[in-house]
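Each remark here refers to the structure printed beneath this line.
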Amino acid sequence: MYQLTYRSKAISTLQVEDLDNILIKANEVNKINDITGCLIFLNGAFVQILEGGQKEVNTLFEKIKLDSRHHSVELLWENQYDKRHFSDWNMTYYRPNESAHTEYVNNLLLLSQFSEKFSGTLLRFWTSVGKLLNDDPNPITTR
């Protein structure tokens, strides 16, 4: 099993509808290619871990890097591991709204602190999520 973690910054004009479209397309493509993982969007930034076959994950990552809805794509870690850590997940994200922002952030902080970190990729993913949550106290608002 191949794992890859990256982070990027959303374009300033990104809308909730864009996030919905990302999720719809990711679910379609990832199901076909047997890719799982977790996508976090918060404070104008993405952090994502992808799991699957190395060829499939790398092909997807090359497409992700070309996506115009974000920039400053930075590969954080990649490696081989013996099992999936997000086997029950497809790609997911939280639909931002002000009323549940604090609960969402607190839940992600707990996950980042207590999730198993069996690989460098998982460690970098959860560390990046924790840093994203702690770096910018401004909540995301929807229009």
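Note that the structure is a prediction, hence the values are computed from the model and not measured. Note: hydrogens, waters and symmetry copies are ignored here, and every other heavy atom, side chains too, is used.
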Donor-acceptor contact present, side-chain [X] to main-chain [Y], <3.5 Å:
X: R84; Y: E51; result: yes
X: D67; Y: R69; result: yes
X: E78; Y: Y2; result: no
X: H70; Y: I64; result: yes
X: N27; Y: L23; result: yes

Check: [Y] and [X] side chains under 4.5 Å, non-hydrogen atoms:
X: Q80; Y: Q54; value: yes
X: L75; Y: F61; value: yes
X: E28; Y: I24; value: yes
X: W77; Y: L4; value: no
X: L39; Y: I49; value: no

Verify side chain to side chain contact (heavy atoms under 4.5 Å, CB included) between I22 and F46, making sure each step is shown before the conclusion. CA-CA 12 Å; I22 289 169; F46 295 98; 4.1 Å; yes
Heavy atoms only: give me the nearest [X]-[Y] pair and the separation to one decimal.
X: I11; Y: S68; value: CG2-O, 3.3 Å
X: I35; Y: L50; value: CG2-CD2, 4.1 Å
X: F86; Y: C38; value: CE2-CB, 3.7 Å

Hey, could you give me the NZ/CG distance between K55 and N33, rounded to the nearest 0.5 Å?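 Taking NZ in K55 and CG in N33, the distance rounds to 10.0 Å.
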Is there a side chain to side chain contact (heavy atoms under 4.5 Å, CB included) between E74 and L76? Walk through the geometry before answering. CA-CA 6 Å; E74 180 183 359; L76 298 174; 4.0 Å; yes
Decide side chain to side chain contact (heavy atoms under 4.5 Å, CB included) for N58 and E62; before the verdict, give the C-alpha distance in whole Å, the side-chain angles of both, and the deciding distance to 0.1 Å. CA-CA 6 Å; N58 281 324; E62 290 304 314; 5.6 Å; no
Worked check of side chain to side chain donor-acceptor pair (under 3.5 Å) between Q48 and Y6: CA-CA 6 Å; Q48 181 164 272; Y6 75 90; 3.2 Å; yes
Do K25 and D20 sit within salt-bridge range, that is, some charged N less than 4.0 Å from a carboxylate O?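 D20 and K25: not salt-bridged.
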